[in-house]
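This report concerns only the one structure given below.
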2 protein chains.
Amino acid sequence: MGATKSDHFTDKQNELAILTKALGHPARIAIIEYLLKVNACICGDIVNELPLSQPTVSQHLKELKNAGLIKGNIEGNAICYCINETGFEKIKVFFKEIDLHLEKRKNECC
Amino acid sequence: MGATKSDHFTDKQNELAILTKALGHPARIAIIEYLLKVNACICGDIVNELPLSQPTVSQHLKELKNAGLIKGNIEGNAICYCINETGFEKIKVFFKEIDLHLEKRKNECC
DNA sequence: TATTTATATTGCAATATTACGATATAGTAA
DNA sequence: TTACTATATCGTAATATTGCAATATAAATA
């Protein structure tokens, strides 16, 4: 026990969970908000911005990248990070579906 | 170490992380999708729907409720669960802000 | 009151996450 | 080549999450 039973859920449910889980940490929300503000930056900029060490920031960036929420391009000896719109597009579709459901059933709660 | 440094981030960032973290598990995505479909149901219905035990489902429901994504109302000896629109409204606002940023800076990535 | 039904809580094992110091890697510049 | 800069990875400790059997709680019913 302890491991998530991913095989028992649909691919769509697992994919969405990976995306939302990646956003489920204040440091990663802060990274996304910073990237939205500056458009693109290198890891060191985020280390200066956040109260976390370089390895910790690097790890958070890796998780956001693996989830498909950011992209990283090599630029000289640094790596330029920016938002990956594809990931956010997928989340957007999910919340749009939720919105449609909620509008239909407004205040029909128990 | 190991504990998230919540105090170093803004209230807004922490609040958003709590909401997205609650959605960051396929079982909880499945519960939300089921609630959207049936509008309202009791815990036992979800236990029958998901490949998880009753205590595990109960725990996931607790997390969704604590995050503000679902509501639970006592109805006899059962508890009727449904979507809490307030929580989803907060997430919606966040993604709307992201959308605005992305539209402005389309394809200006590194 | 005793039983059934519905859900929550407790306790625990397995696993995952968070964080960082130390170190490795790789490009730049002197 | 040597030093510098930027980032990733390794190793590890602290903590959190996931899942369930067993049990507790609480309302409904016989």
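Just so it is clear: chains get the letters A, B, ... in the order the sequence lines come, proteins before strands, and each one is counted from 1.
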Going by the rule ring-ring contact (aromatic ring centres under 6.0 Å, His included), which residues pair with A:F94 if we only count those two or more places apart in sequence or in a different chain?
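Result, ring-ring contact (aromatic ring centres under 6.0 Å, His included) vs A:F94: none returned.
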- A:Y34: ring-ring contact (aromatic ring centres under 6.0 Å, His included) partners, not counting sequence neighbours: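 For A:Y34 there are no ring-ring contact (aromatic ring centres under 6.0 Å, His included) partners, ignoring immediate neighbours.
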| request: Scan for disulfide (SG to SG under 2.5 Å) pairs involving residues 74-104 of chain B, sequence neighbours excluded, and state none if there are none. | output: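 For residues 74-104 of chain B, and leaving out neighbouring residues, the disulfide (SG to SG under 2.5 Å) pairs sorted by first residue read A:C109-B:C82.
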Salt bridge (charged side-chain N to carboxylate O under 4.0 Å, His left out) against [X], all qualifying residues, sequence neighbours excluded:
X     : result
A:E33 : none
A:K96 : none
A:K62 : none
A:E75 : none

Note to self: Run the disulfide bond (SG atoms under 2.5 Å apart) test against B:C43 and tell me which residues pass, sequence neighbours left out.
What the structure shows: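 Not a single residue meets the disulfide bond (SG atoms under 2.5 Å apart) criterion with B:C43.
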Rounded to the Å, how far apart are [X] [atom1] and [N] [atom2]?
X     : N      : atom1 : atom2 : value
B:E63 : C:dT9  : CD    : C1'   : 14 Å
B:R28 : D:dA16 : CZ    : P     : 15 Å
A:L50 : C:dT18 : CG    : P     : 14 Å
B:E75 : D:dA28 : CD    : P     : 11 Å
B:I31 : D:dT18 : CD1   : C1'   : 13 Å

* To do: State whether B:H60 places a side-chain N or O below 4.0 Å from either non-bridging phosphate oxygen (OP1 or OP2) of D:dG19.
  =>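 So the side chain of B:H60 is within the cut-off, an N or O lying under 4.0 Å from OP1 or OP2 of D:dG19.
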Next item on the list: Taking only Lys NZ, Arg NE, NH1 and NH2, and the carboxylate oxygens of Asp or Glu, determine whether A:K12 and A:E97 approach each other closer than 4.0 Å.
Entry: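 Looking at A:E97 together with A:K12, the answer is yes, because their closest N to O distance falls below 4.0 Å.
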Notebook entry, point to check: Using rotation axes that map the C1' atoms of four end pairs onto the next four (five pairs an end), what angle separates the end axes of the helix from C:dT1-D:dA30 to C:dA30-D:dT1, to 10°?
Noted result: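 For the helix from C:dT1-D:dA30 to C:dA30-D:dT1, the axes at opposite ends meet at about 10°.
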- For residues 17-27 of chain A, which residues have at least one heavy atom under 4.0 Å from DNA chain C?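 Contacting residues: A:K21, A:H25.
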Exercise for review: Just say parallel, tilted or perpendicular for the rings of A:H60 and A:H25, cut-offs at 30° and 60°.
Suggested key: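 A:H60 vs A:H25 ring planes: tilted.
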Each nucleotide N or O in nucleotides 5-11 of chain D that has a protein N or O under 3.5 Å away: list the pair and distance.
residue: D:dT5; atom: O2; partner: A:N77; partner atom: ND2; Å: 3.1
residue: D:dT7; atom: OP1; partner: A:C43; partner atom: N; Å: 2.9
residue: D:dT7; atom: OP2; partner: A:G44; partner atom: N; Å: 2.6
residue: D:dA8; atom: OP1; partner: A:Y81; partner atom: OH; Å: 2.3
residue: D:dA8; atom: OP2; partner: A:S58; partner atom: OG; Å: 2.7
residue: D:dA8; atom: N7; partner: A:Q54; partner atom: NE2; Å: 2.8
residue: D:dA8; atom: N6; partner: A:Q54; partner atom: OE1; Å: 3.0

Which pairs count as side-chain hydrogen bond (donor to acceptor under 3.5 Å, both in side chains) when at least one residue sits in residues 43-54 of chain A, sequence neighbours excluded?
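As it turns out, the side-chain hydrogen bond (donor to acceptor under 3.5 Å, both in side chains) pairs with a partner in residues 43-54 of chain A, which skip direct neighbours, are A:S53-A:T56.
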Open item on the list: Heavy atoms only, 4.0 Å cut-off, all strands: where does A:I74 land among base, sugar-phosphate and nothing?
Closed with: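 Nothing, no nucleic acid heavy atom in range.
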> Of B:T4 and A:K5, whose nearest nucleotide on DNA chain D comes first from the 5' end?
Replying inline: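 Here B:T4 is the residue nearer the 5' end.
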